[in-house]
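Heads up, the thing below is written out as structure tokens.
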Amino acid sequence: MMTSNPNSVQDPMVVILGPTASGKTGLAVKLARYFDLEVISADSRQIYRGMDIGTAKPTAEERHAVAHHLIDMVDPHEKFSAADFEEQGTRIAYDINSRNKLPVLVGGTGLYIKALTEGLLAAPSGHSEYREKLKNLEVESGEGTLYQALCKVDPPLAARLFPKDVIRIIRGLEVFAQTGKRLSAFQEEHGFRKSEFRTLKLGIHVERESLYDRIDRRVENMVREGLIEETQSLLDQGCSLSHPAIQAIGYRECLSYLNEKMLLSEVIDTIQRETRRYAKRQMTWFRKDKSVIWLESLKDFDRILALIENFILMTEMK
RNA sequence: GGAGGGGUUCCCGAGUGGCCAAAGGGAGCAGACUGUAAAUCUGCCGUCGAAGACUUCGGAGGUUCGAAUCCUCCCCCCUCCA
């Protein structure tokens with residue numbers, strides 16, 4: 001469960017967010033030359049050990065220059081959830097503050113950032129066997145079966161979901177099955193009103209054309225640096241498509257290549273396209289958050305420094 | 001040179017006289033998102049627009065009340081025979 005705030009005032013936390021390949025890591029490392037900070041990575045795939053190239057993890061030098069947390073936490077066949085992230089991230093952020101350093105949350109996983117800055121509702125996590133069972137039911141009894149079940153159990157939630165959104169439907173069903181309480185009721189009570197930290201959210205803006213260009217080049221590099229081999233080693237460890245880790249963009253395409261279902265050129269094209277689409281979804285998520293201050297990391301660097309300085313000052317005055 | 005097959009909206013691809021601005025898929029754009037989130041899902045998608053109008057199915061003609069669909073000629077692509 002939640003670690004409670006040991007201090008009477010809210011601890012500060014800087015958040016650096018933005019789409020993939022926007023240069024978040026680079027900026028954080030650069031900022032470390034000016035501030036005594038430690039990075040908490042908010043990236044749902046850098047959590048996994050052995051997935052270095054495909055997730056563009058910070059390099060050894062970067063990690064040597066600045067402490068990075070919540071990278072390499074579990075093996076690719078293990079599970080890790082937004083709630084795990086919230087719990088561990090909160091603990092780490094408090095710890096960094098207690099050592100009089102500045103925690104900087106850096107990443108592109110919108111839900112993880114939200115979980116850490118605004119909390120998650122207090123419902124239990126699901127069991128994969130139960131989820132598997134429900135998924136099978138949908139296949140055996142036909143599309144819409146789960147949705148109809150949800151309509152009976154949690155009508156307000158069902159009204160907000162589409163019948164094909166099986167993952168969210170399953171979540172609603174499993175919460176009710178375990179607690180006897182509607183997920184929609186949990187949501188209403190929670191409402192993201194918790195704020196353990198006082199945050200300064202900086203969004204990295206990159207013109208779309210140039211972002212897409214950076215993505216294309218990054219993907220070419222990943223393949224050149226051995227993304228295929230990295231995927232193979234995940235397979236050697238017993239990883240399969242059923243694990244969320246290998247469902248990450250890049251790995252699934254390499255898997256197709258290893259299964260001879262794709263040519264290398266298709267692999268590169270597909271990863272580039274999927275990454276662009278992912279970046280778009282990230283931007284949609286982040287755009288909605290009106291507390292984000294959007295900046296260009298090079299052009300506005302001085303302003304970024306000033307914003308953080310001011311943010312720290314306000315903390316000390318409290 | 002001969003015999004077939006084909007050219008459809010950004011791409012792939014269905015459509016053989018009206019119900020076709022044209023199925024479906026992809027891409028693109030926009031959006032949703034509370035314990036799978038690099039996941040999952042939704043909307044729009046020729047142009048202008050309220051209705052409706054206008055321009056599209058290789059090109060040019062023709063038949064017809066009416067053509068992406070039928071006929072003629074032309075251009076291009078593919079396969080086979082020489």
Side-chain angles (χ1 to χ4, degrees), chain A residues 1-2 19-21 42-48 51 54-57 74 76-89 107-128 130-132 134-135 138 143 146-147 154 157 159-172 174-175 178-179 182-194 208-209 212 215 218-219 222 227 241-254 266 269-289:
Chain A
M1 278 292 102
M2 268 327 295
T20 186
D43 187 305
S44 68
R45 304 293 137 148
Q46 292 185 2
I47 292 288
Y48 296 106
M51 294 172 54
T55 66
K57 271 182 202 163
V74 298
H77 58 84
E78 294 178 286
K79 274 207 296 285
F80 195 89
S81 70
D84 297 323
F85 183 83
E86 181 203 7
E87 191 192 322
Q88 299 190 33
T109 303
L111 180 63
Y112 282 17
I113 293 171
K114 188 156 183 145
L116 190 42
T117 56
E118 298 172 45
L120 283 176
L121 50 79
S125 62
H127 296 288
S128 39
Y130 184 71
R131 290 178 175 180
E132 208 53 42
L134 291 180
K135 223 179 286 174
E138 177 83 353
E143 257 187 36
L146 297 182
Y147 185 70
D154 190 346
L157 180 63
R160 270 189 286 118
L161 298 182
F162 288 92
K164 279 183 75 175
D165 199 351
V166 176
I167 287 191
R168 292 201 177 81
I169 291 167
I170 288 178
R171 178 64 186 151
E174 78 185 6
V175 166
Q178 288 179 81
T179 65
R182 293 172 176 173
L183 177 57
S184 60
F186 278 106
Q187 290 175 334
E188 209 174 314
E189 283 164 24
H190 180 76
F192 292 115
R193 280 181 288 268
K194 185 171 76 182
R208 186 166 300 195
E209 200 179 325
Y212 284 5
I215 288 171
R218 175 188 261 192
V219 170
M222 284 178 176
L227 184 57
L241 260 180
S242 63
H243 304 288
I246 213 164
Q247 286 165 13
I249 295 166
Y251 296 92
R252 56 190 191 216
E253 287 80 10
C254 288
E266 292 177 289
D269 285 352
T270 309
I271 298 175
Q272 289 172 331
R273 195 188 337 108
E274 290 301 316
T275 307
R276 288 194 291 266
R277 287 158 58 76
Y278 170 51
K280 235 174 82 45
R281 268 176 273 135
Q282 288 177 300
M283 290 189 271
T284 299
W285 177 289
F286 293 136
R287 255 195 299 251
K288 203 172 52 169
D289 185 344

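Numbers restart at 1 for each chain; the letters A, B, ... are given by sequence-line order, proteins then strands. All values reported here derive from a predicted model rather than from experimental measurement.
Contacts of A:G54 with the nucleic acid, taken as non-hydrogen atoms under 4.0 Å apart, include base atoms. Within the nucleic acid shown, A:Y112 comes within 4.0 Å of sugar-phosphate atoms alone, with no base atom in reach, counting heavy atoms only. At a threshold of 4.0 angstrom between heavy atoms, the contacts of A:T275 with the nucleic acid are absent. Among the atoms of the strands shown, base atoms are found under 4.0 Å from some heavy atom of A:G191. Across all strands, A:D84 comes closer than 4.0 Å to no nucleic acid atom at all (heavy-atom distances). Using a 4.0 Å heavy-atom criterion, one finds that A:Q247 contacts the sugar-phosphate atoms exclusively. Heavy atoms of A:R131 sit under 4.0 angstrom from at least one base atom.
A:R281 meets the side-chain hydrogen bond (donor to acceptor under 3.5 Å, both in side chains) test with no other residue; sequence neighbours excluded.
Nucleotides B:U36 and B:C41, compared at atom C1', are 14 Å apart to the nearest Å. Here, B:G66 and B:A3 have their P atoms 34 Å apart, quoted to the whole Å. For the C1' atoms, the distance linking B:G15 with B:C19 amounts to 13 Å, nearest Å. Rounded to the nearest Å, the gap between the C1' atom of B:A22 and that of B:G18 is 13 Å. Rounded to the nearest Å, the gap between the P atom of B:G4 and that of B:C73 is 14 Å. With both ends at atom P, the span from B:C45 to B:U34 equals 27 Å, rounded to whole Å. With C1' as the reference atom, B:G61 and B:C11 are 31 Å apart, rounded to whole Å. Comparing B:U9 with B:U55, their C1' atoms sit 12 Å apart, to the nearest whole Å.
Residue A:R168 has its side chain nearest to B:U40 when only B:C41, B:U36, B:U40 are considered. Side chain of A:K164, nearest nucleotide from B:G35, B:C41, B:A37: B:C41. Comparing B:A39, B:A30, B:A37 by their closest approach to the side chain of A:R287 singles out B:A30. In the set B:G35, B:C41, B:A39, the nucleotide with an atom closest to the side chain of A:R171 is B:G35. You'll find that the side chain of A:D165 is closest to B:C41, out of B:A39, B:C41, B:G31. In the set B:G31, B:U34, B:C41, the nucleotide with an atom closest to the side chain of A:F192 is B:U34.
Judged by distance alone, with hydrogens and angles left aside, the side-chain atoms of A:Q88 form no donor-acceptor pair with the main-chain N or O of A:F85 at under 3.5 Å. No side-chain donor-acceptor contact under 3.5 Å links A:D289 to the backbone of A:F286. Of the possible polar contacts, one joining the A:R45 side chain to the A:P244 backbone as a donor-acceptor pair under 3.5 Å is found. In this structure, A:D154 contributes its side chain and A:L183 its backbone to a donor-acceptor pair below 3.5 Å.
Two residues, A:S125 and A:A56, neighbour RNA chain B, and the one matched to the more 5' nucleotide by heavy-atom proximity is A:S125. Of the residues near RNA chain B, A:M222 and A:G126, the one whose nearest nucleotide (by heavy atom distance) lies more toward the 5' end is A:G126.
Judged by distance alone, the side chains of A:T20 and A:R218 do bring a donor and an acceptor atom under 3.5 Å apart. Between the side chains of A:Y278 and A:Q282, at least one donor-acceptor pair of N or O atoms lies under 3.5 Å.
The CG atom of A:L146 sits 13 Å away from the P atom of B:C41 (whole-angstrom rounding). Atom CG in A:L111 sits roughly 13 Å away from atom P in B:A39 (whole-Å rounding). For the pair A:Y278 OH and B:C33 P, the interatomic distance rounds to 17 Å; values are reported in whole Å. One can place CD of A:E118 at 14 Å from P of B:G35, the figure rounded to the nearest angstrom. Atom pair A:W285:CH2 and B:A30:P shows a separation of 18 Å (rounding to whole Å applied). Atom CG of A:L161 is separated from atom P of B:U36 by 14 Å (rounded to the nearest Å). The distance from atom CG of A:D43 to atom P of B:A39 is 12 Å, rounded to the nearest whole Å. The interatomic distance linking A:F286 (CZ) with B:C33 (C1') rounds to 13 Å, in whole Å.
Taking a pair to require two hydrogen-bonding distances under 3.5 Å in either a Watson-Crick or a G-U wobble arrangement, B:C19 remains unpaired. Under the Watson-Crick or G-U wobble criterion, with both distances below 3.5 Å, B:A30 is paired with B:U42. When Watson-Crick and G-U wobble pairs are counted only if both distances are under 3.5 Å, B:A50 pairs with no nucleotide at all. A 3.5 Å limit on both hydrogen-bonding distances identifies B:A3 as the Watson-Crick or G-U partner of B:U79. Across all strands shown, B:G24 pairs with B:C12; the Watson-Crick or G-U wobble distances both stay below 3.5 Å. Using Watson-Crick or G-U wobble geometry with both donor-acceptor distances under 3.5 Å, B:U64 finds no partner in any strand shown. For B:U69, there is no paired base (Watson-Crick or G-U wobble, both distances below 3.5 Å).
Using a 4.5 Å cut-off on side-chain heavy atoms (C-beta onward), A:L227 and A:V219 make no contact. Between A:I246 and A:P76, every side-chain heavy-atom pair lies at or beyond the 4.5 Å cut-off. Proximity of A:M51 to A:Q46: side-chain heavy atoms (C-beta onward) are nowhere separated by under 4.5 Å.
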Restricting to nitrogen or oxygen on both sides, can you table the protein-nucleotides 24-28 of chain B pairs closer than 3.5 Å?
unit_1: B:G28; atom_1: OP2; unit_2: A:R277; atom_2: NH1; d: 3.1

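The aromatic rings of A:H77 and A:H243 stand perpendicular to each other, their planes meeting at an angle above 60°, with 30° marking the opposite boundary.
Contact annotation: A:T284 side-chain N/O to B:G31 OP1/OP2 distance is under 4.0 Å.
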